[in-house]
Amino acid sequence: MTQRDWQIENPGGSRRVVVTKELPGKRWLQLLTGADCRVEIAQGEDILTADEIRAACGEHIDAAIGQLTEPWGAVLLEALSAAGASIYSQFAVGYDNVDVAAATRLRLPVGNTPGVLTETTAQLAVALTFAAARRIAEGDRMMRAGAYHGWLPSMLLGSLLYRGTLGIVGAGRIGAAYARMMVEGHKMDLVYYDVRPNEELEGYMADYADFLVAHGERPVTCRRAETLPDLLGACDVVSIHAALTAETHHLIGAPELAAMKEEAVLVNASRGPLVDEAALVERCRAHPRFRAGLDVYENEPAMALGLEELDNVVIVPHLGSATTFTREGMATLAAANVVAILSGWPVWPAAASLENALPFLNDGEPPRAAPSIVNASDLGLPRLAVGRSTKEDQQ
Ligand code: DGY
């Protein structure tokens, strides 16, 4: 193990917070130092191992802000808890790398950062959809290679998608935002697959259909698929927005890929292991008109063998939340979770939408609340009353 450098901020602070990667923006650090925290920030780009994190926790720690790339399983959480930490705060909305059940057993709150990623991640999924459907990366490579010798009628023909059928697997925040962007922009019919009906999304689709009719246009439709194969066979685009759990691992494998249309586009900006990547390579190799847009991979940062050779696949390095606004917002929310738990403040009613997260991001004093604690209910943590997200609550 190489010796890692740590940057220490506010060395005299009475609470010790370990941050396993440098985070964007300044506000997150101001929040922590303003709450009398000594902040120790790991330097460098390589991912900290469990041993390094355990060593960093040491004998005494008050909180850790960690990354989705780190193994926050029971062993690490136990070390954190044994060293006296009051919270593990994840710099991400997803937390499949965190053993939340173990944290709950240890009475350790787990924070995450919803709200600020929704539109940003949905936007990246839209970008991947069209990069794949309209062969943007292939065109870019052609230009750079000096292989464009003049306009041709049949060069790099892609798929229109306008008025086609869109499928989303997982109709939570990001899935629903992606669906709205695609439907409103391209007037697509929507099929969604989710364990729960999304009444808000269905209502939105119905209103949009009425709007189209009022403008003399054909309405769009929306339905919840009974089964995944029902959705897969019907859609021109299938975009995955489900959480990674034991049940959703390899949700899209060889049989599911075979059930999709010959010229469909598959998009994954969620978590890599939802898709059997080797099966996807096979599918794309055998069906050049099938396309995929991927932001995430089964064994990040590695890719399945053969993926990089396929022209019908667009691949980017887990950029879903990569805007300055979002990453700085995530850092602020992660720090606000720490400050709130260390200060004994309640949990914010719902940071799940951008509107609800904004009070933490605006200049000035953030609310005296933790923006998002995923095991708040299981731990019986007090919450601010819903709808009372005003100054009154912040006193
Ligand atoms: C998250 O927050 O879960 C995202 O994957 C980061 O982009």
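Just so you know, ligand 1 is whichever comes first in the structure, and atom 1 is the first atom listed for that ligand.
The backbone N or O of Thr245 lies less than 3.5 Å from no partner atom in the side chain of Arg271, so there is not a single donor-acceptor pair.
In the model, His250 has a side-chain atom that pairs as donor or acceptor with a side-chain atom of Glu298 under 3.5 Å. At a cut-off of 3.5 Å, with distance as the only test, no side-chain donor of Thr165 or Asp189 sits close to an acceptor on the other residue.
Residues Arg223 and Asp230 meet the side-chain proximity criterion, which asks for heavy atoms closer than 4.5 Å.
The aromatic rings of His215 and Phe211 are tilted relative to each other, their planes meeting at an angle between 30° and 60°.
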Which is it for Arg163 and Val220 under the side-chain contact (heavy atoms from CB on, under 4.5 Å) test, yes or no, and what are the steps along the way? CA-CA 8 Å; Arg163 285 289 183 186; Val220 289; 4.0 Å; yes
For ligand 1, list all ligand N or O to protein N or O distances below 3.5 Å, rounded to 0.1 Å.
{"from": "ligand 1", "atom 1": "2 (O)", "to": "Val93", "atom 2": "N", "distance (Å)": "2.7"}
{"from": "ligand 1", "atom 1": "3 (O)", "to": "Gly94", "atom 2": "N", "distance (Å)": "2.9"}
{"from": "ligand 1", "atom 1": "3 (O)", "to": "Arg271", "atom 2": "NH2", "distance (Å)": "2.7"}
{"from": "ligand 1", "atom 1": "5 (O)", "to": "Arg271", "atom 2": "NH1", "distance (Å)": "2.7"}
{"from": "ligand 1", "atom 1": "5 (O)", "to": "His318", "atom 2": "NE2", "distance (Å)": "2.8"}
{"from": "ligand 1", "atom 1": "7 (O)", "to": "Ser321", "atom 2": "OG", "distance (Å)": "2.6"}

